Every structure is written in structure tokens, then in C-alpha cells.
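The structure appears below as C-alpha cells.
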Amino acid sequence: MRIALISDVHANLEALQATLSDIQSQKVDVIHFLGDAVGYGCDPNACVELICKNCQVRLLGNHDFAALGLESTEHFNETASESLSWTRKELTDRSLSALADFELENISDPFHLVHASPRAPELWEYILTIQEAREQFECTESNLLCIGHSHVPVGFILTPEGTISQRVANEMEIDPENRYILNVGSVGQPRDHDPRSCYVTFDTEQSLVRYHRVEYDVAKTTTRMELLGLPVSLSERLLVGR
Ligand code: ZN
């Protein structure tokens, strides 16, 4: 079975369309979405609709959670809350009720899927360091925890001896002796200095994880964002992937 994992679409329709067509060429059996369908970008409704149409597991991210009014945007920075108020006005009732059905986490073989962290999915913790990874490994029984949230594709590997290494991998064979936390990167707002969309495929027969990068029309997206009055810093960061 081949599974694709996508995350952090952030209402970037051009990026999502390009990613879905690339996934189609990979002949995957199923696509799972790890959260943040909306926020930052200018096509929240179309993105929610495409995610519902194409993804089997659909998780809530912190931006989706805030768009649903489930928490305040106090901890959001200025541009994030500005784009969130824009998003709230834009979202239709249909999109809101679709988003309300997204889950906070999903645990089903071979994965534990969560947007931010397994310790407390609704606290939106980041897993950026080896120490943070060590703490979160203790909060899951799965050997393959897949996350999004930081928009930086990276893997943490825990060996039976207890050592954790951090790896940015294009391709990784999953060793059943080890445990893994894989950040699948971001479709709609990559932050690893590569503006191309990022997603992951997992081949369960070959135990092989592969990171994919997909080019899309970034200039088209940024022009539309600027025309719609979204903060310029949000469109500028798409051009450089950070
Ligand atoms: Zn995000």
C-alpha cells in the first residue's frame, strides 16, 4: 500500500492542486491530511473542499481550530491574526461545518498522526529539537509518528539504545527496530528555504518513506494574495520558502 501524507496547506490552492496532481502520478492508494487547511492564503473554501474530496484522514491544525472559534488568537503573531480574521470572514458555513468534522489526532496502523504533538494535540507544541522529540516519543505507542506544524520537513530517529538523531531525508528506509517522528513539511507555506511544496509518501511493503518537492506557480499565488489585501509579508515568504 502506498500512502501520501500532506500538511499545512494554508489556503494555498495553486500549491494544493500541483501537489495533488503530483501525488496522482505516484499512484498512491490513500492520502491523509495533517492539519492547517486554512490561514495565511487566499483560497480557504476551495482548499477545504479539495482536502475533503481527496483525503481520508483529515486533522485539525491550530489555524483551523482558531478559524472555528475554538480558541482565541491571542498567541498568534500580528500577521497570523490579521490573516485569520480575513479567513473567518471568507469561510462559508459549508466549509466551517466540514472543518468541524476534522479530528485532533488519528491513531491507526501504521501511524500515529497529529498536527503538532501527541502529548497534548490541542496545545500546539513544536517538536524541533532532539530533547523535544525525546519527550514526545514517550507520549505515543506508535513507532511512526507523523506531524506537521513547523513547516520544516525533518525526521527524528530513536534507536533501541536510546539515541536520537535528526535527519533531513529525501528517502528513508523504516527499520522496525527504530522509532520515528516524521515532520512531513508543508504544501502551502514551506519554511526550509525551498519554496516548493513538500509532501511524503510511505510504501508499506517496502517500508520506504520518501519526501517529494513540487513546483507550483508561486507568483500567481502571491499576486492574488496582494490583490486581496493579505499582508505582504505573507506573500513574500512564499517566494523564498521561509
Ligand atoms: Zn501551519
Side-chain angles (χ1 to χ4, degrees), residues 5-16 19 31-48 50-51 55 57-68 70-88 90-91 95 99 102-106 113-118 120-128 132 136 145-154 181-200 211 213-214 216 218 221-222 225 230-231 233-238 240-242:
L5 300 167
I6 65 171
S7 189
D8 295 273
V9 167
H10 284 292
N12 186 337
L13 183 61
E14 284 81 16
L16 179 59
T19 300
I31 308 173
H32 298 322
F33 170 66
L34 306 192
D36 275 357
V38 304
Y40 299 135
C42 57
D43 288 297
N45 295 305
C47 287
V48 169
L50 268 185
I51 288 165
C55 303
V57 168
R58 302 186 284 270
L59 299 186
L60 282 168
N62 48 319
H63 286 254
D64 308 320
F65 208 62
L68 284 167
L70 293 171
E71 67 179 19
S72 81
T73 53
E74 245 168 54
H75 61 285
F76 277 55
N77 65 36
E78 208 181 311
T79 34
S81 41
E82 202 180 321
S83 87
L84 203 78
S85 345
W86 184 92
T87 302
R88 276 184 173 159
E90 196 71 14
L91 280 169
S95 300
L99 273 180
F102 286 23
E103 313 168 83
L104 270 171
E105 66 182 326
N106 184 285
L113 307 173
V114 67
H115 181 66
S117 84
E122 72 290 354
L123 286 186
W124 318 112
E125 299 174 296
Y126 285 97
I127 308 177
L128 302 172
E132 285 160 353
Q136 300 289 349
L145 172 69
C146 296
I147 60 169
H149 196 38
S150 74
H151 302 203
V152 177
V154 66
I181 297 177
L182 301 180
N183 190 310
V184 305
S186 167
V187 168
Q189 196 196 74
R191 293 181 191 160
D192 62 338
H193 304 274
D194 182 342
R196 294 173 301 166
S197 295
C198 185
Y199 75 92
V200 160
Y211 282 80
R213 300 307 288 243
V214 184
Y216 72 96
V218 184
T221 305
T222 56
M225 287 169 77
L230 281 157
S233 59
L234 289 179
S235 43
E236 279 174 352
R237 71 187 305 175
L238 292 182
V240 287
R242 59 179 289 274

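We count ligands from 1, going down the list as the structure has it; atoms in each ligand are counted the same way. The structure displayed is predicted, hence computed values, not measured ones. The figures here come from the full heavy-atom set of this structure, side chains too, leaving out hydrogens, waters and symmetry mates.
Contact annotation: the side chain of Y211 approaches that of L182 to within less than 4.5 Å [non-hydrogen atoms, C-beta and beyond].
For E105, there are no salt bridge (charged side-chain N to carboxylate O under 4.0 Å, His left out) partners, not counting sequence neighbours.
Salt-bridge check for R213 with D192: passed, with a basic side-chain N closer than 4.0 Å to an acidic carboxylate O.
Contact record, C55 with R58: O-NH1, 2.8 Å, taken as the closest heavy-atom pair.
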Report task. Would you check, one step at a time, whether the test side chain to side chain contact (heavy atoms under 4.5 Å, CB included) holds for L60 with L68? Result -> CA-CA 10 Å; L60 282 168; L68 284 167; 3.8 Å; yes
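Inside a sphere of radius 2.8 Å centred on the Zn ion (ligand 1), the protein N/O/S atoms present are D8 OD1, H10 NE2, D36 OD2, H151 NE2.
Note that the CD atom of E103 and the NE2 atom of H115 stand 14.5 Å from one another [nearest 0.5 Å].
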